[in-house]
Every structure is written in structure tokens, then in C-alpha cells.
There are 2 protein chains.
Amino acid sequence: MRISALAAAADVPLATVKYYLREGLLHPGTATSATQASYDETHVRRIRVIRALTGPVGLSVQQARTILGLIDDPGVDLYATLGRAVGALPPSVEAPTSDDPDPFPRARAALAALGQVYDPQFAAVAQLEAALAATEAAGMPLSDDRLLEYGRRLREIAAFDLERMPHEPHAAVEYTVLGTALYEPVILALRRLAHQDVASRRELG
Amino acid sequence: MRISALAAAADVPLATVKYYLREGLLHPGTATSATQASYDETHVRRIRVIRALTGPVGLSVQQARTILGLIDDPGVDLYATLGRAVGALPPSVEAPTSDDPDPFPRARAALAALGQVYDPQFAAVAQLEAALAATEAAGMPLSDDRLLEYGRRLREIAAFDLERMPHEPHAAVEYTVLGTALYEPVILALRRLAHQDVASRRELG
DNA sequence: TGTGATTGGATAGTGTTACTCTCCAATACT
DNA sequence: AGTATTGGAGAGTAACACTATCCAATCACA
């Protein structure tokens, strides 16, 4: 398959395929001559993953490159790999100043209330802190009972996710990293739709 | 309070306050002379909401303007207002061609499986369709049991949200619109952290 | 009452991002 | 033989969220 066939198969403009190659999101084809290379199904699949990540998931090309890099070449430690992947996911928050004795007061309190263990280095802690700070700044702080409700339901979802994790290490990384990112838009859409469903039932009942 | 005091109180650059005024995200102060206007606490709060929406929630200035406009001036119909608000939230998906007999096959099947009623005009339907299409394109389609699990937990969360909705109409709009947007980053962060917590318990146990 | 700072407002400039366009010489097809 | 397409490089573009510069009209204080 030549580059124009690849572009057609993945349904993206040729110039965009060239752009992904240049940016290192897409692995080069195997060169068959000085001005020709051939591409295969792995390239088509890769482009589809790139579009999924930069589209619904909302990643920048830079973030997508990081995520894809982790899948292609995961470290030995699945936990550390997932940590790096979560750090690349939006919302990106900058690391706190290292001399701050309590950089995440809201997140710390919330996780304590939930009884959850966590690694303060994990990017999601800073993300939770920023999200909680935003709710307060906007005048709608997260109440304790809401935190408990959300935390409980999301832990049930997380437990389900982990039950389905493949055993083979490479597949596990791909499942975990892509599953974290790809299912998030589904979760948000389902909550928005559930609001509508619950509201309509309440009106009628 | 003059404009520089407002900028200091809300902790944003003065030039940015002027930008928000120009873009219509922030209501003008009351003019006290040809070159002076005075601002109050409502302006400070508004800027905080703007920063919350354009920061952790990840809205563009354009999207934030739409959301804020709906809160300021909601229609008589809460349902329609929420629908418009959800349409302004990312991920933005374009409306399907009107002559397509079945524009949302995946979302339709998913909502049928969940037994949920929905309005096909509701933007979240198109968002769910795009999110499901992305999972398939990336080679990780959402299985039926996962859909059921996610749908059930999110409906529980949605029911909780609605229970806490204020009765006064204006407060209800603000709660619903801001609550949908502001709590989403919290939900994603909590899922990411729950993965870590559940995984660590599993290893130890 | 002078005088330096600040104001609201308008206009233009900046850096980033995700493409998109244009060229090019070197093949490939017919 | 001649037209078309290729991979690759470079520059261009449009949108975005500020940010900087100006300006004449006040204002605040000495």
C-alpha cells in the first residue's frame, strides 16, 4: 500500500498523513526505493487510534505522541507507565513547587475521606486538586456526600475495568492506557444522558 | 473597585480582564465618568467562574461565553437550556446530515440496551456516538457488559445530582449547567485515582 | 492647581497548534 | 517516451487566547 492508498483507507487527507509521519506519531513505511515506501494495516490502525485520541478524547498531537510512545515502548513497570500516561492526559496541570509542605490539601482530604491510598506523585492527584479548586472558585464546592457518592460509584467502575485487564504485559499496557483515555468521553456522555433520563422519569412519575 | 483592583482581587492580568470585557464574558462595570467604571464582587466571582471553565473544564472562550450566557439568561424551559449547555460542552461534534435515517446507530443501540429514554436532538447523543465510534476505530470497542456497568453507575450518580437540584428556577439552571461542567473533571480524576487504589489493594490482597 | 499616574477603550502584535500548500527531483506506470 | 505520483522538506494559514502599545480623559495628591 502506497501513501495515497493509506490516506484513502484511513480517510484522512494525504497531507495529514505526511504530517503525522513528520511528527513521529506514525511509524515510517518500509522503503521500496528512493521515492517509494509501502504501508500496511498497522499504519491504518495507527491513524485510526491517532484520530480517536486527537478527536473525542481531545488530546493535542503532542499528548497523543506521548501516549502512543508509552504503548509502543512501555517500561517494565506497568504502574509507572500508567502514571506517565495519566500525566499526559488533560487537564494538564503543572507540578507544584517542591518545597510546598501540603501541595494538594483538597485532594488529600478527599482521598482520606474515601479511604483511598494514593501516590502523591501520581498526576491525577494534582488533577483532582485543580478540579476541586475550580469547583470552589466557581462557588459550587463538592460536598462531602457528593464526594462519597461519586467516589463509590467510580471505584466500582474502576474495579470492573481492572477485572477485564488482559494478563499479557504488552496487552495490559495498551488496555490500561487506551482504556483510561478512550472510555472517558463515553463516561461523560453517559452521565449527561443519564441526567436526561432520570429527569424525564421523575417528571412522569 | 476599579479595574486594576478587580484584576488584583481575581488574580488575573489586567490585560486579560479587559479581554474578557471585550469578548462579552464579563459584564461591564457601572461607569462613574468618561474614563472610569466601578466593579464589585459579582465581577470577581464571574472571573473565577470563567477561569474555572477555561481551565480545568477545558472550555474555549467561545464555549464559556455560551455557557455563561445560558446561566445569565436561561429560557423558560430548563430542559432546553440544559440541552443547549451540553451542546456547548466539549467534545464538540457537528450535527449529522438531516437526511440520514439512522445518524446514531451505536448510541441508539447502547441507550436501548440501558433502557434509557433520550431526545435524539440532545447533543450528548451525538457525543456518545462519536465516543463509541472512536473506541471501535481504536480497536477497543465497548463491550455490552461494560456499557451496562458504566451506565448503571452513572445513572446512580445522575440520580444523586438531580436529588440535590435547587427548586428555585434560576438556581436550578446554574446548578445544572455548572454542575454538569465543573464536576466532570472531578469524575475523571476520581476514576484515574480509583484505578490506582483498586490495583494496589489487589496486589496486596 | 499643577502634575504624574491610572483609567477605559481601541488596535495591533505574539506564540502555539494542527494542519495545509507548494515545490522538488526521483521514480513508477502505460 | 511521457505523464503521473511519490516521499520529503519548507513555508504558509487560520483559529485561539491572550498581551502589548497607544491614547486622550480623568484622578489623586502635593
By nearest heavy atom, map A:T32 and A:L59 onto DNA chain C; which one lands nearer the 5' end? A:L59
Members of residues 17-29 of chain B that approach DNA chain D, where some heavy atom sits under 4.0 Å away: B:Y19, B:Y20, B:R22
Which of residues 33-40 of chain B sit near DNA chain D, with a heavy atom under 4.0 Å from it? B:S33, B:A34, B:T35, B:Q36
Counting C-beta onward and ignoring hydrogens, is there a side-chain heavy-atom pair between [X] and [Y] closer than 4.5 Å?
{"X": "B:Y19", "Y": "B:R22", "result": "yes"}
{"X": "B:E184", "Y": "B:V57", "result": "no"}
{"X": "B:L148", "Y": "B:R152", "result": "no"}
{"X": "A:S92", "Y": "A:Q63", "result": "yes"}

Closest non-hydrogen atom pair between B:A7 and B:L14, with its separation: CB-CA, 3.8 Å
Among the nucleotides C:dT20, D:dA17, D:dT19, whichever has the atom closest to the side chain of B:P13 is D:dT19
B:H195 and side-chain contact (heavy atoms from CB on, under 4.5 Å): which partner among A:L154, A:I157, A:T180? A:T180
Could you state the atom-to-atom distance from [atom1] of [X] to [atom2] of [N] in whole Å?
{"X": "B:I47", "N": "D:dC18", "atom1": "CD1", "atom2": "C1'", "result": "14 Å"}
{"X": "B:Q62", "N": "D:dC18", "atom1": "CD", "atom2": "P", "result": "14 Å"}
{"X": "B:R65", "N": "D:dA15", "atom1": "CZ", "atom2": "C1'", "result": "13 Å"}
{"X": "A:Q63", "N": "C:dT16", "atom1": "CD", "atom2": "C1'", "result": "13 Å"}

Phosphate contact (C:dT7 OP1 or OP2) by B:S4 side-chain N/O below 4.0 Å: yes
Show the numbers, then the answer: is there a salt bridge (charged side-chain N to carboxylate O under 4.0 Å, His left out) between B:R164 and A:D145? CA-CA 11 Å; B:R164 295 289 184 290; A:D145 59 344; 2.6 Å; yes
Is A:E136 salt-bridged to A:R106, cutoff N-O under 4.0 Å? yes
We want to know whether B:Y150 and A:D161 form a side-chain donor-acceptor pair, criterion being a heavy-atom distance below 3.5 angstrom. yes
Here's a test of your reading of the structure: between B:A15 and B:R2, which maps to the more 5' nucleotide of DNA chain D? B:A15
